[in-house]
A.B. asks: 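Just dropping this structure here.
Heavy-atom basis, side chains included; hydrogens, waters and symmetry copies ignored. We count ligands from 1, going down the list as the structure has it; atoms in each ligand are counted the same way.
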Amino acid sequence: MTQAHTIHPLLESLDLVNHPRVVTDIRGDETHESDNMVVVRAPATNQPIAAVTLDSAESYEDITIRSVEAFKKWCTVPAPARGDLVRRIGNAYREVLEDLGSLVSLEMGKIKAEGIGEVQETIDIADFAVGQSRMLYGKTMPSERPLHAMKEQWLPLGPVGIITAFNFPNAVWGWNAMLAAVCGDSCVWKPSLLAPLTAIATNTIAQRIAEEAGHPDLFQLVIGTDDVVGETMIHDKRYPLISATGSCRMGRHVGAAVAQRLGKCLLELGGNNAVIIEPDANLDLALKSTVFGSVGTAGQRCTTSRRLIIHESIADDFVAKLVKAYETVRIGDPLDETVLMGPLRTEGSVEQYESAVAQAKAQGGELLTGGERHNPGGDCEGGNFVKPTIIRAPKDNNLPIALEETFAPILYVFTYTNLEDAIDMQNNVDQGLSSAIFTGASASAERFLSPTGAGSDCGIANVNLGTSGAEIGGAFGGEKDTGGGRESGSDSWKSYMRRQTCTINHGSELTLAQGIRFE
Ligand code: NAD
């Protein structure tokens, strides 16, 4: 006889048990995996949490048609009133902050504090978007022609296709959807198949509030495979903007497909972030920041610190302390509040970690700590746990594997003698997301942030704080293979609107620009 599957309490508290596309009655001996169903497994145990039904080509079409219709109505709502709806959504997330954050943790594997932090990020961007709804400013400019006026205005764009990565299953949608909504756009969210439960719980709340306001199709979810749903969406002209977050490999493909149809693309792709540590830095601060930056989220953040570039005069001492700190990190169930590092998302991620460690060793890297699987025991016996790892590059700093983003807690250590070399080393990778320097000298900080562009080539450059943990107020994103997109704060809202330049003749003469006479 098969044993009944125990329903996780979070599925009850977030009302996922009653959701039409969530199947909770799954038993250990059935896979439920099929063309129209995906089984979601907890990374801490690899046991199924629930199954989720997948969209077909037909349901995708229906969702898209409804989103186009929703847009036509929503774009006529005054922007501050759109902001009011977003305010209510942010408040609704406040009510479920702990449970939704815990679901992120259960499904994705980041520790509970980070899961809650992620939902807080969505609340923060909702607040930001509410303010933005009254500041969708255009410009006026003087016309060169008499009795003419010129202005620029920002207009709603259309349905936005939002493709998200597994590692931020709530906030990446939040960054996009809260701003897109105040800009007058409807949203269709295609989440990762590794985190559909968080997507359902998150979207259901936004959808309910939009429905109460008379806009039931403003926020929709399309859950499906990349072949059936993803490919169709990126080639679909009804989405003037595709905002895609994920690997550089995915971005190269999606970017080309959207460019082919001359659509707009907002790409938030992989990083390979470095921390430079100068000898005059506050080394306690640098140590704590480096541990958080490299071990946090088990190395599964786009902004994770993957390379440490440290002055040779302090390297041995600092690295010894770092190894010690790594060895005290408590690894285990991400929902256990005493744990600092949870599992990797899948068994495949563990294999990639093992492969990177093996390649680093073969390339002359010295394994200083970690480098192997970890078994926390208890309920987490079958989970995807690994040990946080530090690998020191050979003396000539030649370690090709460090040029790649391995989505796991591996930190590669390089040394330098002068800052110019350190900055070159930090820039000398394909990705350009986040970067950091720890220094006691303002001249070094200024050199790193050089306004000539000769400093860090990343979208994010920090001084005396690590590479991960961005605030929503700034524009978030990176250069080079990271894709060039900007989300979240500052003027990122402009990506979700179209710009129109308007010239108004309020005289009665035909006056041509550039003084052209046509008589
Ligand atoms: P991934 O590239 O495997 O998948 C990301 C998303 O793209 C998923 O929803 C996936 O289904 C979708 N996708 C893949 N192929 C597609 C296609 N042909 N058409 C349409 N959609 C397609 O990435 P992942 O493993 O989920 O996430 C980890 C990666 O994301 C890392 O590289 C990380 O650095 C990056 N990331 C970047 C940011 C950022 O803001 N820069 C944020 C989070 C994660």
A.B. asks: Indicate whether the side chain of N170 and that of T198 have a donor and an acceptor atom separated by less than 3.5 Å.
C.D. replies: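 There is no such pair between these side chains.
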A.B. asks: Which of these passes salt bridge (charged side-chain N to carboxylate O under 4.0 Å, His left out) with R301: E405, E118, E114?
C.D. replies: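 Option passing the salt bridge (charged side-chain N to carboxylate O under 4.0 Å, His left out) with R301: E114.
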A.B. asks: For atom 43 (C) of ligand 1, tell me which residue out of I163, I223, N167, L267 has the closest non-hydrogen atom.
C.D. replies: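 Among I163, I223, N167, L267, the closest heavy atom to atom 43 (C) of ligand 1 belongs to N167.
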A.B. asks: Can you list the ligand 1 atoms lying under 4.0 Å from a non-hydrogen atom of F476?
C.D. replies: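 Ligand 1 atoms under the 4.0 Å threshold to F476: 39 (C), 40 (O).
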A.B. asks: Has R345 got any heavy atom lying under 4.0 angstrom from an atom of ligand 1?
C.D. replies: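 No.
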A.B. asks: Measure E405 to ligand 1 on non-hydrogen atoms and call it side chain, backbone, both or neither using the 4.0 Å cut-off.
C.D. replies: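 Within the 4.0 Å criterion, E405 contacts ligand 1 through side-chain atoms alone.
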A.B. asks: Around atom 19 (N) of ligand 1, find the nearest protein heavy atom and jot down its residue, atom name and distance.
C.D. replies: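 Minimum-distance protein heavy atom for atom 19 (N) of ligand 1 reads G230 C, 3.5 Å.
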A.B. asks: Just need the protein heavy atom nearest to atom 36 (N) of ligand 1, so name the residue and atom and give the distance.
C.D. replies: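 Heavy-atom neighbour on the protein nearest atom 36 (N) of ligand 1: C302 CB, 3.6 Å.
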A.B. asks: In the protein, which heavy atom is nearest to atom 14 (C) of ligand 1, and how far is it?
C.D. replies: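 Here the closest protein heavy atom is D226 OD2, 3.2 Å.
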A.B. asks: Quick check: closest heavy atoms across N375 and E381, and the distance to 0.1 Å?
C.D. replies: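 For N375 versus E381, the nearest heavy atoms are ND2-OE2, 2.9 Å.
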A.B. asks: In the protein, which heavy atom is nearest to atom 27 (O) of ligand 1, and how far is it?
C.D. replies: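 Ranked first by proximity to atom 27 (O) of ligand 1 is A165 CB, 3.3 Å.
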A.B. asks: Does K264 count as lying over the ring of Y239, i.e. NZ or CZ under 6.0 Å from the six-ring centre, within 45 degrees of the axis?
C.D. replies: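 So K264 doesn't make the cation-pi contact.
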A.B. asks: How close does the nearest protein non-hydrogen atom get to atom 28 (C) of ligand 1, and which residue and atom is it?
C.D. replies: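 Scanning the protein heavy atoms, the shortest distance from atom 28 (C) of ligand 1 goes to F407 CE2, 3.6 Å.
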A.B. asks: Looking only at protein heavy atoms, which one is nearest to atom 2 (O) of ligand 1, and how far off is it?
C.D. replies: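 Of every protein heavy atom, S247 OG, 2.6 Å lies nearest to atom 2 (O) of ligand 1.
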A.B. asks: Who's closest to atom 41 (N) of ligand 1 heavy-atom-wise, of V229, L269, V172?
C.D. replies: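 Result: the heavy atom closest to atom 41 (N) of ligand 1 is in L269.
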A.B. asks: Just how far is it from atom CG of L308 to atom CG of N273, taken to the nearest 0.5 Å?
C.D. replies: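 Between L308 CG and N273 CG, I get 13.0 Å after rounding to 0.5 Å.
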A.B. asks: What atoms in ligand 1 come closer than 4.0 Å to a heavy atom of E231?
C.D. replies: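 Counting from 1, the qualifying ligand atoms are 17 (C), 18 (N), 19 (N).
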A.B. asks: Salt bridge check, E347 against R373: does any charged N sit closer than 4.0 Å to a carboxylate O?
C.D. replies: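 Yes, charged N to carboxylate O under 4.0 Å.
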A.B. asks: Checking Q359 against S355: is there a side-chain donor and acceptor pair closer than 3.5 Å?
C.D. replies: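 Yes - a donor-acceptor pair under 3.5 Å links their side chains.
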A.B. asks: So between R249, H253, H235, E268, whose heavy atom ends up nearest atom 3 (O) of ligand 1?
C.D. replies: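 It is R249 that holds the nearest heavy atom.
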A.B. asks: Donor-acceptor pairs are to be reported for all side-chain atoms of residues 466-476 against protein atoms at under 3.5 Å, with residues two or more places apart or in another chain.
C.D. replies:
unit_1: T467; atom_1: OG1; unit_2: T303; atom_2: O; d: 2.7
unit_1: T467; atom_1: OG1; unit_2: S305; atom_2: N; d: 3.4
unit_1: T467; atom_1: OG1; unit_2: S305; atom_2: OG; d: 2.7

A.B. asks: Could you name the option among N272, L193, T164 that has the heavy atom nearest to atom 6 (C) of ligand 1?
C.D. replies: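 The residue whose heavy atom sits nearest atom 6 (C) of ligand 1 is T164.
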A.B. asks: Which residue and atom name correspond to the protein heavy atom nearest atom 24 (P) of ligand 1, and how close is it?
C.D. replies: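 Of every protein heavy atom, F166 CD2, 3.6 Å lies nearest to atom 24 (P) of ligand 1.
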A.B. asks: Write out the residue and atom name of the closest protein heavy atom to atom 5 (C) of ligand 1, then the distance separating them to 0.1 Å.
C.D. replies: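 Minimum-distance protein heavy atom for atom 5 (C) of ligand 1 reads T245 O, 3.4 Å.
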A.B. asks: Checking side-chain polar atoms at under 3.5 Å, does Q220 have a donor or acceptor matched by the opposite partner on R66?
C.D. replies: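 Indeed, the side chains of Q220 and R66 share at least one donor-acceptor pair under 3.5 Å.
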A.B. asks: Check whether any side-chain heavy atom of M178 lies under 4.5 Å from a side-chain heavy atom of F128, and answer yes or no.
C.D. replies: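 No, side chains not in contact.
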A.B. asks: Which value, rounded to the nearest 0.5 Å, describes the distance between D430 atom CG and N272 atom CG?
C.D. replies: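 Those atoms lie 8.5 Å apart.
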A.B. asks: Please determine if K190 has a nitrogen or oxygen closer than 3.5 Å to a nitrogen or oxygen of ligand 1.
C.D. replies: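 Between K190 and ligand 1, an N or O pair is found under 3.5 Å apart.
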